[in-house]
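Order of the sequence lines sets the chain letters (A, B, ...), proteins ahead of strands, with each chain counted from 1. Only a predicted model underlies this, so the values are computations on that prediction, with no experimental measurement involved.
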There are 2 protein chains.
Amino acid sequence: MRTGRKRSLGKGRGGGEAAFAELLKKKGLKVTLERQKIYEEVASMNNHFDADELFERFKAKGLPISRDTVYRNLPLLLEAGRVQKSAGEGKREYFENMEAGGHHDHMICVHCGTIVEFRSEAFEALQQKLCEKHRCKLIYHDHRLFVECARCSNNVEKGARRAVHENHEAK
Amino acid sequence: MRTGRKRSLGKGRGGGEAAFAELLKKKGLKVTLERQKIYEEVASMNNHFDADELFERFKAKGLPISRDTVYRNLPLLLEAGRVQKSAGEGKREYFENMEAGGHHDHMICVHCGTIVEFRSEAFEALQQKLCEKHRCKLIYHDHRLFVECARCSNNVEKGARRAVHENHEAK
DNA sequence: TCTCAATTAAGATTTAATCCTATTTATGAG
DNA sequence: CTCATAAATAGGATTAAATCTTAATTGAGA
């Protein structure tokens, strides 16, 4: 790398940076400039994204961060609680910034593919409790409710024939 | 097909068969012998499985059911509540028979890949409530807690270095 | 200062899942 | 029972996500 930017991980005021720096330290991993950039880019994301999108962003910015590096490091961000897995359209793994809009889960209509985000403290609390009971530490979770939304429910009742899971085919 | 086996869907005493038959009818889909066989095979499964495994089973039995057919029809079983998505080792989609051992969800250790099944009425009830609130009908869900299990937690504390998400690479 | 973890480029590989074409089968409505 | 057509088949091609390979370079951190 050629930029002379100073290191910032571990000095940040937000909890996120510290958590990531701690994780790297605990694992004996190096704080590379690439990891910092990935961290920063993710922190600036407001929408769902996938690994490839992230890679493309760096490319667009002229930052020489390879696809491999993005793929290699995203799991670290998951583990640090910096991102969560998320619902998306294709078969890719989707992620989202935990700090933008806070944590939430998803309801997906199996017919039309509509995605509704929801947030439930009750679920969060239950999960924590369950993990404690099993003496595990919750890192992140993936919770998706596949539903038939009210609109589609109507259509099906009316006898409308539609392709099976047409959303699965949609790009 | 050459077997002259009589149709059985829709006449079964269990709730599962009826639900599947109803779904097919509602969608205007035919009750084919292949769909029956897939239904039956899934009903006999006690462990997690993926689409390809199911296909291999038919091949082993000498039933000429193609991979495509399995892939095409599994979503119907999901929709009918006959199977649920499940946690597995690779990146495949895993399923499991809802009636064998009842419904459950999973905790997966991000380090060693250990999978622990759990069952929680509280989660089930909350999900139902949430769906009602959104006027949706819950078809199935996918709920996975990614954790650091007690054993791995110890190892990490002790400073042991391990590959990042080594389970992701394991076959 | 120096070692080695981590990165890069660029292309190859793997593998899940889906699609294609032409043909055959058999469901379910009439 | 007849028949149109939905759904299946084989089996090979394709797509696309994710990972790996190799050889060379870089730079974090002791």
Side-chain angles (χ1 to χ4, degrees), chain A residues 1-10 21 24-25 27-38 49-56 58-59 62-76 88-95 161-171, chain B residues 1-10 21 24-25 27-38 49-56 58-59 62-76 85 88-95 159 161-171:
Chain A
M1 302 297 312
R2 55 202 61 102
T3 72
R5 201 177 175 292
K6 69 165 177 10
R7 284 173 33 198
S8 67
L9 280 181
L24 290 178
K25 191 164 200 176
K27 294 195 156 245
L29 299 172
K30 292 180 180 174
V31 179
T32 65
L33 190 56
E34 288 81 5
R35 285 184 175 139
Q36 293 175 52
K37 288 299 179 187
I38 292 173
F49 64 93
D50 60 60
D52 209 64
E53 251 172 83
L54 199 51
F55 164 67
E56 292 295 342
F58 289 124
K59 213 165 78 177
L63 279 174
I65 296 181
S66 73
R67 190 191 311 272
D68 257 34
T69 298
V70 172
Y71 273 101
R72 258 184 281 115
N73 287 303
L74 262 176
L76 288 174
E89 303 145 66
K91 38 192 163 171
R92 284 187 177 175
E93 293 258 49
Y94 281 82
F95 303 91
R161 293 190 188 182
R162 41 177 64 238
V164 176
H165 278 215
E166 59 189 41
N167 57 307
H168 287 180
E169 279 135 299
K171 172 74 257 213
Chain B
M1 300 299 312
R2 54 203 60 104
T3 73
R5 201 178 174 292
K6 67 164 180 8
R7 283 174 32 197
S8 68
L9 279 182
L24 290 178
K25 190 163 199 176
K27 293 195 157 243
L29 299 172
K30 292 181 180 175
V31 178
T32 65
L33 190 54
E34 289 80 6
R35 284 183 175 139
Q36 292 173 52
K37 287 300 180 187
I38 292 172
F49 64 93
D50 59 60
D52 208 62
E53 253 170 82
L54 200 51
F55 164 67
E56 292 296 340
F58 290 124
K59 212 165 77 177
L63 281 174
I65 296 181
S66 73
R67 191 190 308 274
D68 257 34
T69 299
V70 172
Y71 272 101
R72 257 185 281 114
N73 286 302
L74 264 176
L76 287 175
K85 284 201 184 177
E89 302 146 64
K91 39 193 160 168
R92 284 186 179 176
E93 292 259 49
Y94 282 83
F95 303 90
R161 293 187 187 183
R162 39 177 65 238
V164 177
H165 278 216
E166 58 191 42
N167 57 307
H168 287 179
E169 277 136 301
K171 170 77 257 216

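Going from atom NZ of B:Lys91 over to atom P of D:dT15 covers 19 Å, rounded to whole Å. Rounded to a whole Å, the CZ atom of B:Phe58 is 14 Å from the C1' atom of D:dA8. The interatomic distance linking A:Lys30 (NZ) with C:dA5 (C1') rounds to 4 Å, in whole Å. In this entry the distance linking CG of A:Leu74 with C1' of D:dA18 reads 12 Å, nearest Å. Counting to the nearest Å, the P atom of C:dA9 and the CG atom of A:Leu63 are 11 Å from each other. The distance between atom CZ of A:Arg92 and atom P of C:dA17, rounded to the nearest whole Å, is 16 Å. For the pair B:Leu33 CG and C:dG28 P, the computed distance is 11 Å after rounding to whole Å. One interatomic measurement links the two molecules: CD1 of A:Ile65 to C1' of C:dA9, which rounds to 15 Å at whole-angstrom precision.
Taking side-chain N and O atoms only, A:Arg72 has no distance below 4.0 Å to OP1 or OP2 of D:dT19. At the phosphate of D:dA7, neither OP1 nor OP2 sits under 4.0 Å from any side-chain N or O atom of B:Thr32. The side chain of A:Tyr71 places an N or O atom within less than 4.0 Å of a non-bridging phosphate oxygen (OP1 or OP2) of D:dA18. Contact between the side-chain N/O atoms of B:Asn73 and the OP1/OP2 oxygens of D:dA8 is found at a separation under 4.0 Å.
Comparing B:Phe55 and A:Arg67, the nucleotide of DNA chain D nearest to each residue sits closer to the 5' end for B:Phe55.
A search for side-chain contact (heavy atoms from CB on, under 4.5 Å) contacts involving B:Lys91 returns nothing, not counting sequence neighbours. By the salt bridge (charged side-chain N to carboxylate O under 4.0 Å, His left out) test, B:Glu53 is found to be paired with no residue, residues two or more places apart in sequence or in another chain being considered.
The residue B:Asp68 sits close to a base: some heavy atom pair falls under 4.0 Å.
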Trace of the side-chain contact (heavy atoms from CB on, under 4.5 Å) decision for B:Glu93 with B:Asp50: CA-CA 6 Å; B:Glu93 292 259 49; B:Asp50 59 60; over 6 Å; no

Candidate pair B:Leu63 and B:Glu34, rule side-chain contact (heavy atoms from CB on, under 4.5 Å), full reasoning: CA-CA 9 Å; B:Leu63 281 174; B:Glu34 289 80 6; over 6 Å; no

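In this structure, A:Ile38 CD1 and A:Thr32 OG1 are separated by 7.0 Å, a value rounded to the nearest 0.5 Å.
Side chain of A:Arg35, nearest nucleotide from C:dA16, C:dT7, D:dA7: C:dT7.
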